[in-house]
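Mind having a look at this structure? Questions to follow.
Sequential numbering from 1 along the given sequence is applied to the chain's residues.
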Amino acid sequence: MTAHPRVRLDDLVHQPVRFSLLAGLAQADELEFRFLRDTLQISDSLLSRQASTLEQAGYIAIRKGHVGKWPRTWLKLTPAGRAAFNDHLATLREIVEAPTGA
């Protein structure tokens with residue numbers, strides 16, 4: 001018997017905030033921390049923790065800099081992160097579209 005597709009789901013990607021973060025980053029080259037925080041409707045600390053987890057996994061890159069004299073942080077998806085997100089999304093679609101719910 002073939003294993004259910006759910007075994008291929010990536011636990012790092014599957015967590016709702018991280019999934020939403022990766023989905024946002026998949027739509028742009030790079031996004032600013034405050035924009036993501038406001039779009040995802042989460043706190044600075046929650047976004048920071050989840051971004052650090054994804055950075056440690058190699059799924060996102062975090063860049064710090066300044067705009068004028070104000071510090072800013074930008075996040076972007078790495079090639080590994082894009083592959084993990086796309087694989088996770090494909091697995092979710094496989095589960096949903098299977099005639100018997102996979």
Side-chain angles (χ1 to χ4, degrees):
M1 178 179 253
T2 303
H4 191 278
R6 77 176 172 277
V7 301
R8 294 192 316 269
L9 292 173
D10 184 329
D11 287 337
L12 281 173
V13 176
H14 198 66
Q15 193 276 348
V17 172
R18 291 192 295 260
F19 182 82
S20 299
L21 174 56
L22 292 171
L25 292 174
Q27 303 301 313
D29 289 334
E30 184 175 67
L31 293 174
E32 204 268 328
F33 184 94
R34 292 181 309 160
F35 174 81
L36 284 164
R37 177 201 61 204
D38 295 346
T39 301
L40 299 177
Q41 301 175 354
I42 58 176
S43 67
D44 285 354
S45 62
L46 180 56
L47 178 53
S48 181
R49 283 192 311 270
Q50 299 305 328
S52 291
T53 298
L54 291 169
E55 182 183 40
Q56 289 172 356
Y59 288 0
I60 68 168
I62 299 173
R63 178 176 67 87
K64 295 186 181 279
H66 288 81
V67 174
K69 60 182 177 178
W70 305 106
R72 295 286 186 262
T73 302
W74 295 270
L75 293 82
K76 71 184 277 181
L77 212 50
T78 64
R82 185 169 302 280
F85 179 73
N86 288 339
D87 290 347
H88 190 84
L89 199 53
T91 301
L92 288 173
R93 286 188 179 120
E94 183 181 341
I95 292 168
V96 169
E97 294 170 358
T100 60

Pairwise side-chain contact, Ile60 with Leu22, heavy-atom cut-off 4.5 Å (strictly under):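 A side-chain contact exists here, since the closest heavy-atom pair is under 4.5 Å.
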When you look at His4 and Ile95, which way does the side-chain contact (heavy atoms from CB on, under 4.5 Å) test go after all the steps? CA-CA 8 Å; His4 191 278; Ile95 292 168; 4.0 Å; yes
Of all heavy-atom pairs between Pro5 and Glu94, which one has the smallest distance, and what is that distance? CG-OE2, 3.5 Å
Can Arg37 and Asp44 be said to form a salt bridge (charged side-chain N to carboxylate O under 4.0 Å, His left out), step by step? CA-CA 6 Å; Arg37 177 201 61 204; Asp44 285 354; 2.9 Å; yes
Under the ring-ring contact (aromatic ring centres under 6.0 Å, His included) test, residues paired with Phe85 that sit two or more places apart: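 For Phe85, the residues satisfying ring-ring contact (aromatic ring centres under 6.0 Å, His included) (neighbours in sequence not counted) are Phe19.
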Which heavy atom of Tyr59 sits nearest to which heavy atom of Leu77, and what is that distance? O-CD1, 3.6 Å
Heavy-atom pair with the smallest gap, counting every atom of Ala57 and Leu12: CB-CD1, 3.4 Å
Applying side-chain contact (heavy atoms from CB on, under 4.5 Å), run through Leu54 and Ile62 and close with a yes or a no. CA-CA 10 Å; Leu54 291 169; Ile62 299 173; over 6 Å; no
Could you tell me which non-hydrogen atom of Ala80 sits nearest to which non-hydrogen atom of Gly58, and how far apart they are?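 Smallest interatomic distance, heavy atoms only, reads CB-O, 3.8 Å.
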With sequence neighbours excluded, tell me which residues meet salt bridge (Lys or Arg N to Asp or Glu O under 4.0 Å) with Glu55.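 Glu55 satisfies salt bridge (Lys or Arg N to Asp or Glu O under 4.0 Å) with no other residue.
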Within this structure, what is the OG1-CD distance for the pair Thr53 and Gln50, rounded to the nearest 0.5 Å? 5.5 Å
Spatial distance of atom CG (Leu75) from atom CG (Leu21) [nearest 0.5 Å]: 6.5 Å
When you measure from the side chain of Thr73 to the backbone of Phe33, do you find a donor-acceptor pair of N or O atoms at a distance under 3.5 Å?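 Here the side-chain-to-backbone pair does not exist.
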Side chains of Val13 and Asp87: closer than 4.5 Å at any heavy-atom pair?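 In short, these two side chains do not touch, never coming nearer than 4.5 Å.
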Answer yes if Trp74 and Leu31 sit in the same cluster of Ile, Leu, Val, Met, Phe, Trp and Tyr residues linked by side chain heavy atoms under 4.5 Å apart, and no otherwise.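 The answer is no; the residues belong to distinct hydrophobic clusters.
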From Leu47 atom CG to Ile42 atom CD1, the distance as rounded to the nearest 0.5 Å: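 Answer for the CG-CD1 pair, Leu47 versus Ile42, is 4.5 Å.
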To the nearest 0.5 Å, how far apart are CZ in Arg8 and CG in Leu92?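 The CZ atom of Arg8 sits 10.5 Å away from the CG atom of Leu92.
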Output yes when a side-chain donor or acceptor of Thr39 lies under 3.5 Å from a complementary backbone atom of Phe35, and no otherwise. yes
Begin with the C-alpha distance, continue with both residues' side-chain angles, and end with the deciding distance and a verdict on side-chain contact (heavy atoms from CB on, under 4.5 Å) for Leu89 and Arg93. CA-CA 6 Å; Leu89 199 53; Arg93 286 188 179 120; 3.8 Å; yes
Looking only at heavy atoms, the pair that brings Ala84 and Asp10 closest together is CB-OD2, 4.0 Å
To the nearest 0.5 Å, how far apart are CZ in Arg72 and NZ in Lys64? 12.0 Å
Determine whether Lys76 and Arg63 make a side-chain contact, defined as any pair of heavy atoms from C-beta on separated by less than 4.5 Å.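 They are not in contact (no side-chain heavy atoms under 4.5 Å apart), so the answer is no.
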Spatial distance of atom CG (Asn86) from atom NE2 (His88) [nearest 0.5 Å]: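 So the CG of Asn86 and the NE2 of His88 are separated by 11.5 Å.
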